[in-house]
Visitor: 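Input: one structure, supplied below.
Only this structure's heavy atoms are used, side chains among them; waters, hydrogens and symmetry mates stay out. Note that this is a predicted model, so its numbers are computed, not measured. Every chain is numbered from 1, with letters handed out A, B, ... down the list of sequences.
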Amino acid sequence: MSEERSLNFIEEIIEADLASGKHTQILTRFPPEPNGYLHIGHAKSICLNFGLAKKYGGETNLRFDDTNPVTEDTEYVESIKDDVQWLGFQWAKELYASDYFEQLYQFAVQLIAKGLAYVDDSTSEEIAAQKGTPTVSGVPNVYRSRSVEENLQLFADMRAGKFADGQKVLRAKIDLASPNMLLRDPIIYRIKHAHHHRTGDAWCIYPMYDFAHGQSDSIENITHSICTLEFIPHRPMYDWCIEQLGIYPSHQYEFARLNMTYTVMSKRKLLQLVNEGHVNGWDDPRMSTISGMRRRGFTPESLREFCDKIGVAKRENLIDFGLLEFCVREHLNKVAQRRMVVFDPLKIVITNYEGDGEDLPSENNPEDPNGGERMVPFTKELYIERDDFMEVAPKKYFRLAPGQSVRLKSAYIIQCNEVIKDEAGNITQLNCTYLPNSKSGNDTSGVVVKGTLHWVSAAHALPVEVRIYDRLFTEENVAAAEGDFKDYINKDSLKIIPQAFAEPFLAQATLSDRFQFIRKGYYCIDKESTPEKLVFNQTVNLKDTWSKVNK
RNA sequence: UGGGUUAUUGUGUAACGGUAGCACGGCAGUUUUUGGUGCUGCUUGUCUAGGUUCGAAUCCUAGUGACCCAACCA
């Protein structure tokens, strides 16, 4: 079991830092902005940050990057905490960038005092124009040469609320000619007379990401600050602030964010899907949100396994959704309780079956020797799946056909003798005979059949609703597709079976149960389910080589 | 036309100058009271062109493609 596994590039950095004594213990952080729900891309970051800390005996803080009061809300804070814990991780400290507002303010004052920041009265359009372009240097304006004293006073006045939104900003004085646009005197504080979900109305100026993130890392003594590739150009600013302020030198490392086929990952697009009613909320089972996947029945174990399998590197990637499906099947196969549910019923009558019926034992999980059994009622009249019968069967068809025999799972071998139709020619019933000595576990018939079908006793059938989900988009690479991403929404991504027939034991199902409907797929109870009307979500179907061969 | 990051099979990801490996997918076989699972085997890859070297995915030079950066968003 000593599987030699190569390290990813961040693990290599950490091991080098530990070996050289640069750090004796590592501290990472997961820093979401509470302005939306977490998605599978965040799961990658969570697994990375918490996973690294766990692997190397360190810790991870959960820090909310709440520096923009107009987009953030406590609702998101709660859902984020919930999702992180559900994924199986526990943070060392729950922190907020807003906890550091006073300290951040003092950092800005220090910068002003060093002549490294100034208050600018320009409009955002003027600032943008003065910044130049990648090939043309920016030009300084008159505000850039304000005195330290004046800047100090003006910044204090900004804090005191003497100015309206947009009237003034504080800018770092770095280099207007830098080829890195982010270094051309970036704005580090702006005025927003807005209510903050935690600090209320205590502040009317708020630090920008570039002035808050690195310093927050530093305040917490984060050793390895791990973020996605698009922040690479921000790193010089991150380092500049820490250096000028002379504070704890946290370091930023960047990895490639997760992209997945047939879905979208940006908060903006996810929000749009919710707001425009293309899905039924953030936790719609088709969403790439953690809450959606959770509702759909994905397990924390399978998501963690997925994040582990996709690896960590710096190149752009597009992960096959099929890999996620593989991970969830792999886990669910080991833990899901087997049950029989018929989606599209076709009645069969066992003409030679006498008596009121019997209860037959059926294994709960063939993968689990200790899984036990449950009793399934067997009677004269049963339902099987309509497409498990063909009047004219092609060769290699192992299911039921006139004159052909199959085993009913955990029950008997039956043979189809007669097909009954209505006036329109639709098949309404099959008359079959069973082999009394072919009882499951006690078969002395010597008959060998190729097919085994799932079934439900007609008299005991429990009507349930089943919801089946397909990919949300028709395009593999949605982000790269031309035009509006909404043009590629899969109209058939949700299929509802209002009345499927389940074996009676399923009436006891609870929200945390995981099932495999035999020969169908993996299912769980939806949150909208009630004892009167059970609702199941399909997590993922079973691999179906027959349907592929059939094509 | 500026700066940055990146390029290994269909998709991901290893290889740290010395046999291009692993996973998913695909294909074939086998097992099976789930056409599921398990097991076995197979599965056209180092962006291009030069160079250094006994030997290059790896080092050098020159190209090419992709992605990111000019929000008072993060």
Visitor: Excluding sequence neighbours, so at least two apart, what forms side chain to side chain contact (heavy atoms under 4.5 Å, CB included) with A/Arg144?
Guide: A/Tyr118, A/Pro140, A/Asn141, A/Lys173, A/Leu176, A/Asp185
Visitor: Quote, to the nearest angstrom, the C1' distance that separates B/U32 from B/G38.
Guide: 9 Å
Visitor: Applying side-chain hydrogen bond (donor to acceptor under 3.5 Å, both in side chains), run through A/Asn180 and A/Ser178 and close with a yes or a no.
Guide: CA-CA 5 Å; A/Asn180 181 347; A/Ser178 173; 5.4 Å; no
Visitor: Using atom C1' in both nucleotides, what's the gap between B/U19 and B/U58 to the nearest angstrom?
Guide: 15 Å
Visitor: Using a 4.0 Å heavy-atom cut-off, write out nucleotides 68-74 of chain B from 5' to 3' as B (base contacted by protein), S (sugar-phosphate only) or - (no contact).
Guide: SSBSBSB
Visitor: Working note: A/Asn317 + A/Arg257, criterion side-chain hydrogen bond (donor to acceptor under 3.5 Å, both in side chains); need CA distance, chi angles, decisive distance, verdict.
Guide: CA-CA 8 Å; A/Asn317 59 77; A/Arg257 71 183 320 141; over 6 Å; no
Visitor: Determine the sole option in A/Tyr523, A/Tyr522, A/Phe517 for which the ring pair (Phe, Tyr, Trp, His ring centres under 6.0 Å) test with A/Phe536 is passed.
Guide: A/Phe517
Visitor: Return the nucleotide paired to B/A28: Watson-Crick means purine N1 to pyrimidine N3 with N6-O4 or O6-N4, wobble means G-U with N1-O2 and O6-N3, both under 3.5 Å.
Guide: B/U40
Visitor: In plain terms, say whether A/Glu503 and A/Lys409 are close enough for a salt bridge, that is, a side-chain N and a carboxylate O under 4.0 Å apart.
Guide: no
Visitor: Applying the Watson-Crick and G-U wobble criteria at under 3.5 Å, what pairs with B/G65? Answer none if nothing qualifies.
Guide: B/U6
Visitor: Are the charged groups of A/Lys168 and A/Asp157 less than 4.0 angstrom apart, N to O?
Guide: no
Visitor: Scan side-chain atoms only and decide if A/His454 and A/Arg338 contain a donor-acceptor pair under the 3.5 Å cut-off.
Guide: no
Visitor: For a quick check, with a 4.0 angstrom heavy-atom cut-off, what is the B/S/- contact string for nucleotides 26-45 of chain B, read 5' to 3'?
Guide: SS-----BBBBS--------
